[in-house]
Amino acid sequence: MSLSNHPKAYGSAAVALAFTAGILITLGFKDLYPDLEYRYQHKRRPSQARPGDRRRSSFFWGPPLQLEDHESQPASPGHQPEEGKPGEGIEACIGNTPLIEIQSLSKATGRIILAKAEFLNGAGNSPKDRVALNMIREAEKEGLLVPHRGDTIYEGTVGSTGISLATLARAKGYKSHICMPDDQAFEKSDLLHHLGATVERVAVAPITSPDHFVNLARRRAEDHTKNATDGSRGFFANQFESEANWHAHLKATGPEIWKQTDGDLDAFVAGAGTGGTISGVARYLKLEAKAGAVKVVLADPQGSGLFNKIKHGVMYSNTEREGTRRRQQVDSMVEGVGINRITENFEAGRDLIDDAVKVTDEQACRMARWLVENDGIFVGSSSSVNCVAAVVTAMGLPEGSRVVTMLCDSGTRHLSKFWKKIKEMGLEDEEATDLFAELGISES
């Protein structure tokens with residue numbers, strides 16, 4: 001019987017042919033576009049797949065293609081040189097800091113404690129290098145800063161951001177004017193002077209006061225622009241509220257951590273001063289990398305209200321009761337983290353923070369000394385707060401879990417205050433052997 005005698009057979013044959021072709025195309029689709037498979041695998045838990053997994057060969061498309069994944073590489077905040085090539089200025093020293101294991105903390109907890117060595121950023125030696133560079137770049141894009149016009153960068157800071165801004169200002173053709181509270185370590189203001197910045201140490205005042213160091217810096221910038229006769233401008237960096245702050249960590253710090261851990265981490269722990277670091281990294285991990293299972297934990301010093309905001313939804317600290325507060329910002333000797341207001345940077349990631357750990361000044365001091373004695377790591381107060389919180393967080397996770405935190409700056413910026421207190425406590429004259437006893441926390 002001929003098909004020509006049955007026209008309907010033509011349609012049936014065509015449908016069968018199309019169905020068969022569809023199956024063949026479907027089977028080969030992901031092999032034709034292997035990056036789609038990679039994206040799928042990359043979003044799964046690291047125990048199921050690794051970014052280095054190779055595509056299997058295919059009957060339809062031959063041996064696996066070797067692709068380079070440019071999209072997953074962290075966006076460097078500086079002009080990072082190619083390996084073996086010279087960089088372009090101090091900016092090339094910012095970003096891509098090492099992620100190191102703090103071995104004594106890993107051994108004590110039975111979990112892997114990793115720390116981003118942000119004190120190795122090469123301009124101001126802190127994570128604020130990333131922020132300062134991004135704020136300057138964004139201001140240049142908007143025409144608010146023009147190199148060698150006589151423009152001055154103004155900022156209110158407890159130290160680290162000012163140091164980063166002062167260093168980069170000189171490198172990029174600007175002046176800097178830094179306002180800071182007079183209760184900060186003198187090493188910071190001395191360094192700022194040596195970097196060529198104008199420094200105003202002002203009395204501690206609440207943020208509602210026009211004389212608060214941040215409000216003063218804003219006013220100085222406005223006065224500069226208004227009264228300048230040479231065409232120069234005053235630029236208020238505004239680190240607490242500028243989106244360029246958390247964007248710097250979204251674009252670089254978060255991707256670096258994800259790459260350095262191969263996506264295998266269970267918690268990220270960080271303090272908040274401006275809130276840019278914890279918000280930017282949290283947004284990358286949970287929204288960009290789709291790692292919703294990663295626990296983001298705030299490390300907060302005593303006297304700061306952020307712990308209670310995360311835990312209870314209310315900004316309150318018992319040291320804020322009338323007649324009990326020794327200072328206006330945060331009732332703690334810790335510098336760089338802790339605050340009693342919600343900044344725009346902190347708000348950008350607040351809903352992504354899962355938990356908070358309160359750290360006392362004594363715990364911070366004991367952790368700092370422990371790190372020197374056991375790991376040869378010499379850091380400041382905010383790094384110590386982060387490490388205490390990382391230990392507490394780790395003990396709430398299964399054995400073998402991986403916790404990442406931040407080492408912000410060197411202890412050399414904290415000699416006259418934080419490390420002086422450690423010496424007064426007698427911690428340099430005794431050798432600690434039990435981490436949990438030192439911190440006053442239970443192993444369970």
Could you tell me whether a side-chain N or O of [X] sits under 3.5 Å from a main-chain N or O of [Y], the two making a donor and an acceptor?
X: D151; Y: V146; result: yes
X: W419; Y: G380; result: no
X: S126; Y: F119; result: no
X: E155; Y: F235; result: no
X: E288; Y: L250; result: no
X: N374; Y: W370; result: yes
X: D129; Y: G124; result: yes
X: T225; Y: R233; result: no
X: S279; Y: G275; result: yes
X: D211; Y: A203; result: no

Identified side chain to side chain contact (heavy atoms under 4.5 Å, CB included) partner of [X] from the options [options]:
X: K128; options: L133, D409, T274; answer: T274
X: F213; options: I207, V204, V202; answer: V202
X: L306; options: I353, N340, L298, V337; answer: L298

Residues L168, I94; criterion side chain to side chain contact (heavy atoms under 4.5 Å, CB included); working and verdict
CA-CA 11 Å; L168 291 168; I94 299 175; 4.0 Å; yes
Using side chain to side chain contact (heavy atoms under 4.5 Å, CB included), reason through L165 and I136 one step at a time and then give a plain yes or no.
CA-CA 8 Å; L165 284 170; I136 291 173; 4.1 Å; yes
Please determine if E335 and K421 form a salt bridge, counting it only when a charged side-chain N lies under 4.0 Å from a carboxylate O.
no
With a 4.5 Å limit on heavy-atom distance, are the side chains of [X] and [Y] in contact?
X: E243; Y: E138; answer: no
X: V296; Y: L352; answer: no
X: L407; Y: N386; answer: no
X: L105; Y: C387; answer: yes
X: R369; Y: E438; answer: no
X: I163; Y: R413; answer: yes
X: I441; Y: Q363; answer: yes
X: V314; Y: N308; answer: no

Acceptor/donor pairs from residues 423-431 side chains to any protein atom, 3.5 angstrom cut, sequence neighbours excluded:
none

What distance do [X] atom [atom1] and [Y] atom [atom2] have between them, rounded to the nearest 0.5 Å?
X: L439; Y: L435; atom1: CG; atom2: CG; value: 4.5 Å
X: W246; Y: E347; atom1: CH2; atom2: CD; value: 12.0 Å
X: R111; Y: E399; atom1: CZ; atom2: CD; value: 5.0 Å
X: K311; Y: D300; atom1: NZ; atom2: CG; value: 12.0 Å
X: M135; Y: L145; atom1: CE; atom2: CG; value: 10.5 Å
X: L195; Y: L191; atom1: CG; atom2: CG; value: 4.5 Å

Could you please spell out the steps behind the side-chain hydrogen bond (donor to acceptor under 3.5 Å, both in side chains) verdict for S416 and E187?
CA-CA 7 Å; S416 64; E187 290 91 339; 2.8 Å; yes
What closest approach, in Å, do [X] and [Y] show between heavy atoms, and which atom pair accounts for it?
X: G122; Y: I90; value: O-CD1, 3.4 Å
X: M367; Y: V388; value: CB-CG2, 3.5 Å
X: H249; Y: T253; value: ND1-OG1, 2.8 Å
X: K251; Y: P255; value: O-CG, 3.4 Å
X: D354; Y: K295; value: OD2-CA, 3.4 Å
X: V359; Y: A364; value: CG1-N, 4.2 Å

Test salt bridge (charged side-chain N to carboxylate O under 4.0 Å, His left out) on K226 and E222 and set out the steps.
CA-CA 6 Å; K226 180 180 178 181; E222 292 171 351; over 6 Å; no
Ignoring hydrogens and geometry beyond distance, is a side-chain donor-acceptor pair present between [X] and [Y] at under 3.5 Å?
X: E101; Y: S106; value: yes
X: T343; Y: N345; value: no
X: N215; Y: R218; value: yes

Verdict with reasoning, H414 to K188, per side chain to side chain contact (heavy atoms under 4.5 Å, CB included)
CA-CA 8 Å; H414 302 264; K188 296 179 181 180; 4.1 Å; yes
Ring pair (Phe, Tyr, Trp, His ring centres under 6.0 Å) contacts touching residues 151-188 (sequence neighbours left out):
Y154-H177, Y154-H224
Between L114 and L265, does the side chain to side chain contact (heavy atoms under 4.5 Å, CB included) criterion hold? Intermediate values first, please.
CA-CA 9 Å; L114 303 168; L265 71 159; over 6 Å; no
Using the rule given for side-chain hydrogen bond (donor to acceptor under 3.5 Å, both in side chains), can you reason through T97 versus E118, listing the C-alpha separation, both sets of side-chain angles and the distance that settles it, and then say yes or no?
CA-CA 6 Å; T97 55; E118 287 293 279; 2.6 Å; yes
